[in-house]
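Inspection log for the structure reproduced underneath, given as structure tokens.
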Amino acid sequence: MQVYQSQEDHVYLVDMHTLGAAAFSTTATDGVTTLKSVLQDPSIPKAFFDARNDSDALYNLYSVYLRGVADVQLMELRTRTGSRRLLNGLARCLERYFTPARMIMEASEWNEAKQAGLRLFAPERDLYDLYAQGLTPSWKRRLDAEALRRVAVCQQQSYMPQGRHKVLAPSFM
């Protein structure tokens with residue numbers, strides 16, 4: 001799991017296979033905060049690209065109830081021109097956003113190695129910033145409600161993590 005901590009501009013990698021449940025119960029230096037408490041705190045924003053399967057795994061494997069999710073896939077759908085019937089995957093969104101001209105511009109503005117690492121481990125961050133720019137409060141409320149609905153659906157026994165149903169956009173779009 002990758003965790004981007006914006007206040008310090010750090011990306012952390014959490015090895016779930018090695019740490020298992022301890023990744024969620026180990027406390028921070030304050031003796032109180034755990035990764036589980038952060039993921040379940042609705043006041044701490046978390047950006048996911050299509051949170052459904054991540055939510056399914058976190059809930060069913062570690063009893064983590066995601067809250068405060070901003071789903072970048074839904075945000076892209078809102079800002080897209082043209083058809084909004086189907087959802088775009090992460091690869092398509094990155095392809096549209098990271099054009100060669102944009103990459104050249106960014107390389108001259110930021111340290112190239114740092115940005116490459118951030119994109120590799122947290123591509124949602126750049127997409128989140130891009131898609132959040134045009135959101136009105138009304139759209140933000142709709143997208144937040146849909147992200148919450150997506151997370152809740154994934155926590156049901158009947159959730160199917162694969163299938164054509166996952167490419168359809170929400171009906172309110």
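Here the structure is a predicted model, which means the values were calculated and not measured.
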Applying side-chain contact (heavy atoms from CB on, under 4.5 Å), name anything that partners [X], two or more places apart in sequence or on another chain.
{"X": "R150", "result": "D50, R52, D71, Q73, L74, L87, E146"}
{"X": "R67", "result": "P42, Y65, L148, V151, Q155"}
{"X": "Q156", "result": "S158"}
{"X": "T34", "result": "T27, K36, S37"}

Hey, are D9 and Y4 close enough side-chain-wise for a donor-acceptor pair under 3.5 Å?
-> yes
Does the side chain of Y159 pick up a donor-acceptor pair with the side chain of N53 at under 3.5 Å?
-> yes
What pairs with E76 under side-chain hydrogen bond (donor to acceptor under 3.5 Å, both in side chains), at least two apart in sequence or on another chain?
-> R80, N88, R96
Residues which pass side-chain hydrogen bond (donor to acceptor under 3.5 Å, both in side chains) with S43, listed by chain and number, not counting sequence neighbours |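 Partners of S43 under the side-chain hydrogen bond (donor to acceptor under 3.5 Å, both in side chains) test: D41.
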Would you give the length of the straight line joining atom [atom1] of [X] to atom [atom2] of [Y], rounded to the nearest 0.5 angstrom?
{"X": "D56", "Y": "N60", "atom1": "CG", "atom2": "CG", "answer": "5.0 Å"}
{"X": "R142", "Y": "K140", "atom1": "CZ", "atom2": "NZ", "answer": "14.0 Å"}
{"X": "L77", "Y": "L143", "atom1": "CG", "atom2": "CG", "answer": "8.0 Å"}
{"X": "L168", "Y": "R85", "atom1": "CG", "atom2": "CZ", "answer": "6.5 Å"}
{"X": "T79", "Y": "L135", "atom1": "OG1", "atom2": "CG", "answer": "7.5 Å"}
{"X": "R84", "Y": "R78", "atom1": "CZ", "atom2": "CZ", "answer": "6.0 Å"}

[Y] reachable from [X] in the ILVMFWY side-chain graph, under 4.5 Å edges:
{"X": "V64", "Y": "V3", "value": "yes"}
{"X": "M75", "Y": "W139", "value": "yes"}
{"X": "L66", "Y": "V38", "value": "no"}
{"X": "I44", "Y": "V72", "value": "no"}
{"X": "L19", "Y": "L35", "value": "yes"}

Is the backbone of A70 close enough, under 3.5 Å, to the side chain of K46 for a donor and an acceptor to pair up by distance?
->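 Judged by distance alone, no pair lies under 3.5 Å.
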Which atom names give the shortest non-hydrogen contact between T18 and D15, and what distance separates them?
-> OG1-OD2, 2.8 Å
Any side-chain heavy atom of F49 within less than 4.5 Å of one from C93?
->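 Sidechains of C93 and F49: in contact.
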Side-chain heavy atoms of M16 within contact of Y62, under 4.5 Å =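 M16 vs Y62: side chains touch.
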Carefully, step by step, assess Q2 and V14 under the rule side chain to side chain contact (heavy atoms under 4.5 Å, CB included).
-> CA-CA 6 Å; Q2 307 112 26; V14 180; over 6 Å; no
